[in-house]
Amino acid sequence: MAEVLDIAVRLVVVVAAFLLLPLIVGQMEHKAMAHMQSRLGPMYAGGFHGWAQLLADGVKFAQKEDVIPAAADRRIFAIAPAVALVPYLVVMVVIPVGPGLAAVDLDAGLFFVLAVMGVGVLGAIMAGWASANKYSVLGGIRAAAQLMSYELPLVLAAAGVAMAAGTLSLQGIAEQWRWWWLPWQAIGAFVFFVAGLAELRRPPFDMPIAESELIMGPMTEYAGFRFALFMLAEYAGIVVLSALTTVLFLGGWQGPLLPGPVWTLLKVFALAFVVIWVRVSYPRLREDQLQKFAWTVLVPLALLQLALTGVVRVLMA
């Protein structure tokens, strides 16, 4: 009974974090972009420092009419937002925030999270195909092509740090991490983080959405609560990417003075700010530039990191 209660409490905490952390990142993005781009609205909504901006967005989504195009595949159209969102909840179940503080500690946790994260793109593909809209279909095709291009460097970068730690367990990788891994695994960290941004279709890798040419890509025909689920999936993806980068390349909960979970959250929010900063700072890549960057820059760098990791492991042995 005690074991069942312990699992239930862990799952409740994960669900609460899944619902809360993406909203905090969304509010942080509003504030950061307001400062960086002189956007007045998010700074004044509700009075003190625009505290009500996120609340106003929620009310706006709730009030919008939920319209389904007449030619759409209604069943696929309806479940696509959930397919885009749920994989990130599943991934958060196995991400540790402290020693032994994970809902489930899998021996092959790294393999599990990489496999499940790839499922999220199916939501964009399903939404694009089911919308019966040529712009949405193009967005879905671009999302699929982007996943295939950037999944390889993402997996190679993760394989490098798993090789260094000698385990596929996220808990084990964080425990094996040492401060001198920072320069040694820096290339892998860069590749993993950038490839993760591309898989999330965040700027400057947002060609599947590309408002100026595809309106909103796979989300063009969505409104109201279903559109809000796609937005929640995007911010949940930022939290998951930042948490995985923290656990794999920044030592997870390791740090002086403060409790382990506090260090984990500080690193996650610092990386989430970097995601926002990159969005504000760099223009969108063209589709050919996006594909070329994956195959000619990230894949060679990831292979270099693997080779370097192999050499260091041999020398250490």
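Side-chain atoms are counted along with the backbone in the values below, which use heavy atoms only and exclude waters and symmetry mates.
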Rounded distance [0.5 Å steps], OG in Ser131 versus CE in Met219
10.5 Å
Looking at side-chain heavy atoms only, is the closest gap between Pro259 and Trp253 below 4.5 Å?
no
What I'd like to find out is whether the side chain of Phe192 reaches to under 4.5 Å of the side chain of Leu241, using heavy atoms alone.
yes
Taking atom CD1 of Ile187 and atom CG of Leu304, what is their separation to the nearest 0.5 Å?
4.5 Å
Report yes if some heavy atom in the side chain of Lys292 is under 4.5 Å from a heavy atom in the side chain of Gln289; otherwise report no.
no
What residue pairs, at least two apart or across chains, pass side chain to side chain donor-acceptor pair (under 3.5 Å) with a residue in residues 179-188?
Gln185-Thr309
Side chains of Glu221 and Asn133: any donor to acceptor distance under 3.5 Å?
yes
Check Thr220 against Ser136 and note the closest heavy-atom contact, atom names and distance.
CB-OG, 3.6 Å
Could you walk me through whether Leu258 and Leu266 satisfy the side-chain contact (heavy atoms from CB on, under 4.5 Å) test, starting with their C-alpha distance in whole Å, then the side-chain angles of each, then the deciding distance to 0.1 Å, before giving a yes or no?
CA-CA 10 Å; Leu258 299 176; Leu266 287 175; 3.7 Å; yes
Which atom pair, heavy atoms only, marks the closest approach of Val113 to Leu110?
CG2-O, 3.2 Å
Would you indicate whether the side-chain heavy atoms of Val297 and Val194 approach each other to under 4.5 Å?
no
For a quick test of your reading: what N or O donor-acceptor pairs under 3.5 Å do the side chains of residues 70-95 make, sequence neighbours left out?
{"unit_1": "Asp73", "atom_1": "OD1", "unit_2": "Arg75", "atom_2": "N", "d": "3.4"}
{"unit_1": "Asp73", "atom_1": "OD1", "unit_2": "Ile76", "atom_2": "N", "d": "3.3"}

Do Val268 and Leu197 land in one hydrophobic cluster if side-chain heavy atoms of ILVMFWY residues count as linked below 4.5 Å?
no
Write down the atom of Ala162, the atom of Ile173, and the distance for their closest heavy-atom approach.
CA-CD1, 4.3 Å
Rounded to the nearest 0.5 Å, how far apart are CG of Leu170 and OG1 of Thr246?
12.0 Å
Acceptor/donor pairs from residues 145-156 side chains to any protein atom, 3.5 angstrom cut, sequence neighbours excluded:
{"unit_1": "Gln146", "atom_1": "NE2", "unit_2": "Ala198", "atom_2": "O", "d": "2.6"}
{"unit_1": "Gln146", "atom_1": "NE2", "unit_2": "Phe205", "atom_2": "O", "d": "2.8"}
{"unit_1": "Ser149", "atom_1": "OG", "unit_2": "Ala145", "atom_2": "O", "d": "3.0"}
{"unit_1": "Ser149", "atom_1": "OG", "unit_2": "Gln291", "atom_2": "OE1", "d": "2.2"}
{"unit_1": "Ser149", "atom_1": "OG", "unit_2": "Trp295", "atom_2": "NE1", "d": "3.4"}
{"unit_1": "Tyr150", "atom_1": "OH", "unit_2": "Leu290", "atom_2": "O", "d": "2.6"}

Can you list every salt bridge (charged side-chain N to carboxylate O under 4.0 Å, His left out) pair that touches residues 243-254, not counting sequence neighbours?
none
Please find the pair of heavy atoms, one from Leu306 and one from Ala159, that lie closest to each other, and give the distance.
CD2-C, 4.0 Å
So, do Val15 and Leu19 sit near enough that their side-chain heavy atoms are less than 4.5 Å apart?
yes
side-chain hydrogen bond (donor to acceptor under 3.5 Å, both in side chains) partners of Arg286, counting only residues at least two apart
Asp288
Under 4.5 Å between side-chain heavy atoms, chaining through other members, with only Ile, Leu, Val, Met, Phe, Trp and Tyr counted: pull out the rest of the cluster around Val311, sorted by chain and number.
Leu315
Who are the side-chain hydrogen bond (donor to acceptor under 3.5 Å, both in side chains) partners of Thr167, not counting sequence neighbours?
none
Would Leu182 and Leu250 count as a side-chain contact (heavy atoms from CB on, under 4.5 Å) here? Give the steps.
CA-CA 7 Å; Leu182 286 173; Leu250 299 179; 3.8 Å; yes
Residues pairing under side chain to side chain donor-acceptor pair (under 3.5 Å) where one sits in residues 155-164, two or more places apart or in two chains, turn out to be none
Are Leu248 and Phe111 connected in a single hydrophobic cluster, I mean Ile/Leu/Val/Met/Phe/Trp/Tyr linked by side-chain heavy atoms less than 4.5 Å apart?
no
Shortest non-hydrogen contact from Pro218 to Gly128?
CB-N, 4.0 Å
If Ile, Leu, Val, Met, Phe, Trp and Tyr residues are connected whenever their side-chain heavy atoms lie under 4.5 Å apart, and connections chain through other members, are Val274 and Val191 in the same group?
yes
Give the minimum heavy-atom separation between Pro300 and Thr296, together with the two atoms involved.
CG-O, 3.5 Å
Listed pairs under 3.5 Å, donor-acceptor, residues 227-239 side chains, sequence neighbours left out:
{"unit_1": "Glu234", "atom_1": "OE2", "unit_2": "Arg202", "atom_2": "NH1", "d": "2.5"}
{"unit_1": "Tyr235", "atom_1": "OH", "unit_2": "Glu29", "atom_2": "OE1", "d": "2.4"}

Who passes salt bridge (Lys or Arg N to Asp or Glu O under 4.0 Å) against Arg10, sequence neighbours left out?
Asp6
Please say which of Arg201, Arg284, Arg279 ends up in a salt bridge (charged side-chain N to carboxylate O under 4.0 Å, His left out) with Asp206.
Arg284
For the pair Glu199 and Val121, evaluate side-chain contact (heavy atoms from CB on, under 4.5 Å) and give the outcome as yes or no after the intermediate values.
CA-CA 8 Å; Glu199 288 207 1; Val121 74; over 6 Å; no
Does one hydrophobic cluster hold both Val161 and Trp177, with members joined at side-chain heavy-atom distances below 4.5 Å?
yes
With sequence neighbours left out, what residues match Asp66 under salt bridge (Lys or Arg N to Asp or Glu O under 4.0 Å)?
Arg226
Approximate separation, where rounding is to 0.5 Å, of Leu303 CG and Leu298 CG:
11.0 Å
Taking only residues two or more places apart in sequence or in another chain, which ones pass side-chain hydrogen bond (donor to acceptor under 3.5 Å, both in side chains) with Gln37?
Arg39
